[in-house]
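What you see below is based on every heavy atom in this structure, not just the backbone, and it leaves out hydrogens, waters and symmetry mates. This one's a predicted model, so the numbers in the text were calculated from it and none came from an experiment.
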Amino acid sequence: MLSATPIPRSLHMSLSGLRDLSLLQSPPRKRLPVITAVGPWSEALVKNSVVREKARGGQVFYVHNRVQTIDREAMMVRRLFPKLKVGIAHGQMKEQQLKGAMDKFAEGALDILVCTTIVESGLDMPRANTLIVSDAQELGLAQMHQLRGRVGRRDEQAFALFLHPADAVLTKEASERLEAIAALGEFGAGYELAKKDLEIRGGGELVGLAQHGNLGRVGFQRYCDLLEEAIKRAKGEYRERPAVEVAMPSAIPAEYLPHESVRVALYRKLLWSADTEGLSSLRAETIDRFGPMPKVLEFLFDVAGIKIIGPDFSIKKVLCSVDETVIECSPEGPPSGMKTPPGWFRRMNGFIGPGGFSALGGFLRSASQGQAG
């Protein structure tokens with residue numbers, strides 16, 4: 001699939017591994033980024049923008065995405081610019097009428113084209129280098145990005161104004177979209193816009209009422225985990241991590257990390273640790289920022305570590321309690337070259353050792369040194 005439009009669903013599929021993603025970031029020669037501005041609708045601003053474009057022999061797209069009121073909007077534009085030729089284009093016009101308006105604009109017979117978002121894709125008008133969008137708060141981020149792509153098609157500096165009514169109360173999502181389109185105007189911004197749109201809108205209706213099955217019960221995070229596991233299985237990259245059951249209190253103390261959001265972020269980083277190098281870096285960062293770790297947090301790091309190395313040593317399950325720690329391996333038992341760590345006893349399909357927060361760390365250190373796995 002080839003697309004220049006930032007679509008959250010497609011990006012989510014790429015980030016999940018369902019689709020490959022390539023970025024084309026080399027602009028055509030002499031192409032300049034479109035200067036983008038966002039703000040309330042102003043008659044003076046619109047006049048200045050159109051007069052500046054006309055003075056250099058260019059044309060203007062004026063987007064008003066309401067067919068019911070587009071004639072009234074065109075009358076307002078004609079009142080502002082009585083000496084300029086203004087045309088109208090929208091999807092409910094008859095085919096020949098629409099074609100005639102577009103042909104006139106392409107030939108330069110019109111100075112301003114008042115139109116709906118029908119022009120957002122497939123048009124290459126070299127003389128049109130200023131875009132004015134009214135009621136931009138109603139448009140999606142992908143729509144605004146596509147509309148901005150209608151200007152600046154050659155080596156002329158292009159301008160895009162995304163305006164909203166001066167008295168409009170913008171929703172949080174609308175404000176975020178407008179801020180994003182203004183901030184991301186450089187070449188290659190489509191990918192960043194797609195990530196922002198994914199952040200604003202989400203990856204699609206994955207767990208809503210429109211879906212079949214039990215996704216609503218599973219939950220979004222668990223769904224993503226299952227999806228990632230299925231993708232890795234299909235690619236032959238799946239490594240089943242051992243299940244760890246802890247029968248003793250093992251929360252990060254609030255005395256060590258008073259802010260709940262910081263504790264949650266650390267839990268999340270531990271959960272997503274992918275390799276021993278990353279886990280070691282996280283450990284060093286935690287100590288550097290917050291000081292020596294309490295034993296319970298050291299234990300949580302050990303749990304994350306055993307999950308990482310577990311597949312290499314056929315470890316399937318770990319049971320941790322105050323009295324003992326039990327490590328179960330696959331039915332064929334631990335690898336024959338494994339040595340029993342000090343203080344541990346070997347069983348037919350695993351090991352049993354001391355309990356408490358420090359026991360798992362001792363096993364993990366022996367494994368990392370090649371004495372056990």
Side-chain angles (χ1 to χ4, degrees), residues 2-7 34 36-38 41-165 168 174 177-178 181:
L2 179 66
S3 174
T5 307
I7 302 173
V34 179
T36 307
V38 169
W41 196 96
S42 163
E43 183 175 307
L45 179 61
V46 171
K47 277 187 173 182
N48 290 338
S49 301
V50 173
V51 170
R52 179 188 57 216
E53 187 59 50
K54 180 59 180 176
R56 63 176 181 173
Q59 297 170 289
V60 177
F61 283 116
Y62 186 100
V63 178
H64 177 79
N65 201 35
R66 291 288 183 270
V67 174
Q68 295 82 356
T69 57
I70 196 169
D71 289 327
R72 185 173 62 197
E73 194 77 6
M75 289 178 60
M76 182 272 296
V77 173
R78 291 189 179 101
R79 177 182 60 80
L80 292 178
F81 308 101
K83 296 182 179 180
L84 300 185
K85 298 175 182 177
V86 179
I88 297 176
H90 59 79
Q92 294 185 18
M93 296 171 65
K94 293 182 179 179
E95 182 179 349
Q96 290 302 317
Q97 187 181 8
L98 177 60
K99 182 178 182 301
M102 297 309 301
D103 286 344
K104 285 183 179 180
F105 192 68
E107 294 165 0
L110 297 176
D111 299 305
I112 305 173
L113 183 67
V114 179
C115 55
T116 60
T117 55
I118 191 175
V119 300
E120 70 182 359
S121 60
L123 288 182
D124 185 5
M125 302 289 184
R127 285 190 290 262
N129 288 300
T130 290
L131 168 75
I132 300 173
V133 181
S134 67
D135 291 326
Q137 78 281 359
E138 302 293 338
L139 301 182
L141 198 49
Q143 279 184 305
M144 289 190 283
H145 182 59
Q146 282 283 56
L147 285 169
R148 184 168 61 183
R150 295 314 99 212
V151 295
R153 308 290 295 181
R154 295 296 186 271
D155 55 357
E156 292 285 342
Q157 179 63 68
F159 301 87
L161 304 179
F162 293 94
L163 309 178
H164 57 82
R177 292 195 300 267
L178 291 173
I181 197 68

Legend entry - Single hit among I132, L131, V133 for side chain to side chain contact (heavy atoms under 4.5 Å, CB included) with F61: L131

Inset, instruction - Output, in order, the C-alpha distance, side-chain angles, deciding distance and verdict of side-chain contact (heavy atoms from CB on, under 4.5 Å) for L163 and V46. - result: CA-CA 10 Å; L163 309 178; V46 171; 3.9 Å; yes

Legend entry - Smallest separation among heavy atoms of G87 and L110, with atom names: CA-CD1, 3.8 Å

Legend entry - Validation row: M102, L113 side chains within 4.5 angstrom (heavy atoms): yes

Legend entry - Sub-4.5 Å side-chain heavy-atom contact between Q137 and F162: no

Inset, instruction - Look at the side chain of D111 and the backbone N and O of Q59, then say whether any donor-acceptor pair between them is shorter than 3.5 Å. - result: no

Legend entry - Separation of S42 OG from L161 CG (nearest 0.5 Å): 10.0 Å

Inset, instruction - Could you tell me whether the side chain of R153 and the main chain of G149 form a donor-acceptor pair under 3.5 Å? - result: yes

Inset, instruction - For residues V119 and L147, determine if any side-chain heavy atom of one lies less than 4.5 Å from a side-chain heavy atom of the other. - result: yes

Inset, instruction - Rounded to the nearest 0.5 Å, what's the gap from CD1 on I112 to NZ on K85? Could you check? - result: 12.5 Å

Legend entry - From CD (Q157) to CZ (R52), nearest 0.5 Å: 9.0 Å

Inset, instruction - State whether the side chain of R127 and the backbone N or O of E107 hold a donor-acceptor pair below 3.5 Å, judged by distance alone. - result: yes

Inset, instruction - Measure the CE-CD1 distance between M93 and I88 for me, rounded to the nearest 0.5 Å. - result: 7.0 Å

Inset, instruction - Going by the side chain to side chain contact (heavy atoms under 4.5 Å, CB included) test, name the single residue among M76, M75, R78 that passes it with V86. - result: R78

Inset, instruction - Tell me, with the steps shown, if L84 and K54 meet side-chain contact (heavy atoms from CB on, under 4.5 Å). - result: CA-CA 9 Å; L84 300 185; K54 180 59 180 176; 3.9 Å; yes

Inset, instruction - First locate atom CD of E138, then atom CG of N65, and finally report the distance between them rounded to the nearest 0.5 Å. - result: 9.5 Å

Legend entry - Nearest non-hydrogen partners of S134 and H64, listed with the distance: OG-ND1, 3.2 Å

Inset, instruction - Given side-chain contact (heavy atoms from CB on, under 4.5 Å), test M144 with L141 step by step and report yes or no. - result: CA-CA 5 Å; M144 289 190 283; L141 198 49; 4.1 Å; yes

Legend entry - Smallest separation among heavy atoms of A89 and I70, with atom names: O-CD1, 4.1 Å

Legend entry - Where Y62 and E73 come nearest, the two heavy atoms and their spacing: OH-OE2, 2.7 Å

Inset, instruction - Mind checking the CZ-NE2 spacing from R66 to H90? Nearest 0.5 Å is all I need. - result: 14.0 Å

Legend entry - Q143 side-chain N/O to E120 backbone N/O, donor-acceptor pair under 3.5 Å: no

Inset, instruction - Measure across T116 and V63 and return the closest heavy-atom pair with its distance rounded to 0.1 Å. - result: C-CG1, 4.1 Å

Legend entry - Stepwise side-chain contact (heavy atoms from CB on, under 4.5 Å) test for T130 and V50: CA-CA 8 Å; T130 290; V50 173; 5.8 Å; no

Legend entry - Nearest non-hydrogen partners of N129 and P126, listed with the distance: ND2-O, 3.1 Å

Inset, instruction - Could you tell me whether a side-chain N or O of R56 sits under 3.5 Å from a main-chain N or O of E156, the two making a donor and an acceptor? - result: no

Inset, instruction - Without swapping roles, check the side chain of R177 against the backbone of L139 for a donor-acceptor pair under 3.5 Å. - result: yes

